[in-house]
Engineer: 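Can you keep this structure in mind? I'll have questions shortly.
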Amino acid sequence: MPEKIDPYRSYGQKLISLFAKLLFSGKSHSLIELSRMLNCSKQTVLRLVDDIRRSYGVDIEEMKEGRRKFYRIKRLSASKPVINLTDTELNALYMCKIFAQHLLGHGFLEEANRALEKNLALLPDEKQDSFNHFASFYSGSIDYTPHQKSILLIINAMENKKICKITYKAIMSKKAKTFYIKPLKIFSHRDTVYLHARKARTPKKPYDDPDFDPLLAFHRIRKIEITDRLFEIPKDYDFEKVFNKNFGVIKEEAFKVELEFSGWAAAYVSERIWSPDQKLVKRKDGKTRLTFSTSSEPELISRVLSFGDEAKVIKPKWLVEEVKGVVNRMQRVYEPI
């Protein structure tokens, strides 16, 4: 017997999802679209449609465009309740949903879609297509669908202020480590979802004050256990002051850097904010000098190298030598053996 496309989702859940999709969107949806949304075969979608018709007496219209079949729920009344959201507010919500959909994962994205479709169903027909203007390109992004349970557990722990036992495997570690944390903030940075926390004492052991607060990428968390131990949000904790005061998600000792850009890179860096204390100077030779503070040497070097020969480190001198070393090692990689 062939394996089900989605063995972890019941037939009843698919039926409810399909009914909600057709009811709240008020639009027609192709058989292929519904099959992808429910992660099941087209035959299963047809069976779901028939069950909704027979069991609930819902008039689901079937239409054809060429060889493609479309389905929608026939509306019984032209009158609709007044919607409390303006067009601008709905546009903003749709943009947020689309631009962040690769960070949500399948389950959270479905929740967002249902919430928006409930409001969309209350709009006049001529207004509904105006919310199809947005898209997102997310090549190289992480699929957070398998990690939604972890995110929900951490949200629960944060709401109830409970310490968590975490098993985590860092990117270059051979083995995962287990430790206790006080979860403080979930945030995203460059298409990755992180958890920022404070370390908590391991039971029956003295507290070991870490050099840095735990910064955990959700996709590297192997296991989460919510304990019965409570914690209070530290009075000195300020996410904005920790992360948005200089360049880099890695928070080590901050230092000033001066970079020089030419060509397209000069225009590119001038359009963006790299650090609140940045200073831009456009020189007569067409080059741009950018000075700012950073707390992450590896992130900075990676960013500089991404501009190729149109970016150059000016200061500090030790960083100039470090970048030279990286470039030399890269050159040796491409030398013939």
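When reading the values below, keep in mind they use all heavy atoms of this one structure, side chains included, and skip hydrogens, waters and symmetry mates.
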Engineer: Do any N or O atoms from the side chain of Ser30 and from the backbone of Phe70 form a donor-acceptor pair under 3.5 angstrom?
Structural biologist: no
Engineer: With sequence neighbours left out, what residues match Glu225 under salt bridge (Lys or Arg N to Asp or Glu O under 4.0 Å)?
Structural biologist: Lys223
Engineer: Do Phe307 and Tyr268 have ring centroids that are under 6.0 Å from one another?
Structural biologist: yes
Engineer: List the residues meeting salt bridge (Lys or Arg N to Asp or Glu O under 4.0 Å) with Lys161, not counting sequence neighbours, and say none if there are none.
Structural biologist: none
Engineer: Nearest 0.5 Å, what's the CD1-CD1 distance between Ile52 and Ile16?
Structural biologist: 9.5 Å
Engineer: Could you tell me if the side chain of Lys69 sits less than 4.5 Å from the side chain of Glu62, heavy atoms only?
Structural biologist: yes
Engineer: Run through the side-chain heavy atoms of Ile, Leu, Val, Met, Phe, Trp and Tyr, join any pair under 4.5 Å, and report what else lands in Met172's cluster.
Structural biologist: Ile171
Engineer: At their closest point, which heavy atom of Met37 faces which heavy atom of Ser17, and how far apart are they?
Structural biologist: CE-O, 4.1 Å
Engineer: Name every donor-acceptor pair, under 3.5 Å, that has one atom in a side chain of residues 309-321 and the other anywhere in the protein, sequence neighbours excluded.
Structural biologist:
from	atom 1	to	atom 2	distance (Å)
Glu310	OE1	Trp264	N	3.2
Glu310	OE1	Trp264	NE1	3.0
Glu310	OE1	Ala265	N	3.4

Engineer: Does one hydrophobic cluster hold both Met330 and Val304, with members joined at side-chain heavy-atom distances below 4.5 Å?
Structural biologist: yes
Engineer: Find the distance between OG (Ser28) and CD1 (Ile60) and round it off to the nearest 0.5 Å.
Structural biologist: 13.0 Å
Engineer: Do Arg68 and Leu31 have side-chain heavy atoms sitting under 4.5 Å apart?
Structural biologist: no
Engineer: For Glu299, does its backbone N or O pair with a side-chain atom of Ser302 as donor and acceptor, under 3.5 Å?
Structural biologist: no
Engineer: Rounded to the nearest 0.5 Å, what's the gap from CZ on Arg36 to NZ on Lys42? Could you check?
Structural biologist: 9.5 Å
Engineer: What salt bridge (Lys or Arg N to Asp or Glu O under 4.0 Å) pairs are there with at least one residue in residues 235-254, not counting sequence neighbours?
Structural biologist: Arg198-Asp236
Engineer: Do Leu18 and Leu34 come within less than 4.5 Å of each other through their side chains, counting heavy atoms only?
Structural biologist: yes
Engineer: Mind checking what makes salt bridge (Lys or Arg N to Asp or Glu O under 4.0 Å) contact with Asp228, not counting sequence neighbours?
Structural biologist: none
Engineer: Which heavy atom in Ser136 sits nearest to a heavy atom in Gln101, and how many Å separate them?
Structural biologist: CB-NE2, 4.0 Å
Engineer: Testing the basics here: between Asn39 and Lys14, what is the closest heavy-atom pair and its distance to 0.1 Å?
Structural biologist: O-CE, 4.2 Å
Engineer: For residues 173-194, which residue pairs pass the salt bridge (Lys or Arg N to Asp or Glu O under 4.0 Å) check, not counting sequence neighbours?
Structural biologist: none
Engineer: Does CD1 in Ile273 sit with more than 12 non-hydrogen atoms of other residues, nucleotides or ligands closer than 6.0 Å?
Structural biologist: no
Engineer: To the nearest 0.5 Å, what is the distance between OG on Ser262 and CD on Glu260?
Structural biologist: 7.5 Å
Engineer: Which heavy-atom pair separates Arg303 from Ser306 by the least distance, and what is that distance?
Structural biologist: O-OG, 2.5 Å
Engineer: Could you list who else is in Tyr237's hydrophobic cluster, with ILVMFWY side chains joined at under 4.5 Å, directly or through other members?
Structural biologist: Ile163, Tyr180, Leu184, Phe187, Tyr194, Leu215, Phe231, Ile233, Phe239, Val242, Phe243, Val249, Ile250
Engineer: What's in the same ILVMFWY side-chain cluster as Ile226, cut-off under 4.5 Å, chained through other members?
Structural biologist: Leu103, Leu104, Phe108, Leu109, Ile142, Tyr144, Ile151, Leu152, Leu153, Ile154, Ile155, Met158, Ile166, Tyr168, Phe179, Ile181, Ile186, Val193, Leu195, Leu216, Phe218, Ile221, Ile224
Engineer: Can you find a pair of side-chain heavy atoms, one from Arg229 and one from Pro203, that are under 4.5 Å apart?
Structural biologist: yes
Engineer: I want to check something: taking the side chain as every heavy atom from C-beta on, are Thr291 and Trp274 in contact at a cut-off of under 4.5 Å?
Structural biologist: no
Engineer: Would you indicate whether the side-chain heavy atoms of Lys21 and Glu110 approach each other to under 4.5 Å?
Structural biologist: no
Engineer: Between Gly286 and Ala266, which heavy-atom pair has the shortest distance, and what is it?
Structural biologist: O-CB, 4.4 Å
Engineer: Mind checking what makes side-chain hydrogen bond (donor to acceptor under 3.5 Å, both in side chains) contact with Lys256, not counting sequence neighbours?
Structural biologist: Asp277
Engineer: Among residues at least two apart in sequence or on other chains, which ones pass salt bridge (Lys or Arg N to Asp or Glu O under 4.0 Å) with Asp285?
Structural biologist: Arg283
Engineer: When you measure from the side chain of Lys324 to the backbone N and O of Asn328, does any donor-acceptor pair fall under 3.5 Å?
Structural biologist: no
Engineer: Looking at CD of Gln278 and CZ of Arg272, how far apart are the two atoms once the value is rounded to the nearest 0.5 Å?
Structural biologist: 11.5 Å
Engineer: Show which residues join Val281 in its hydrophobic cluster (side-chain heavy-atom contacts under 4.5 Å, direct or indirect), or state none.
Structural biologist: none
Engineer: What distance separates Ser150 OG from Arg222 CZ, expressed to the nearest 0.5 Å?
Structural biologist: 10.0 Å
Engineer: So, are Arg53 and Asp50 salt-bridged, with charged N and O less than 4.0 Å apart?
Structural biologist: yes
Engineer: For a quick test of reading the model, state the closest non-hydrogen atom pair linking Asn160 to Asn156 and the distance between them.
Structural biologist: ND2-O, 2.8 Å
Engineer: Can we call the ring centroids of Phe247 and Phe292 under 6.0 Å apart?
Structural biologist: yes
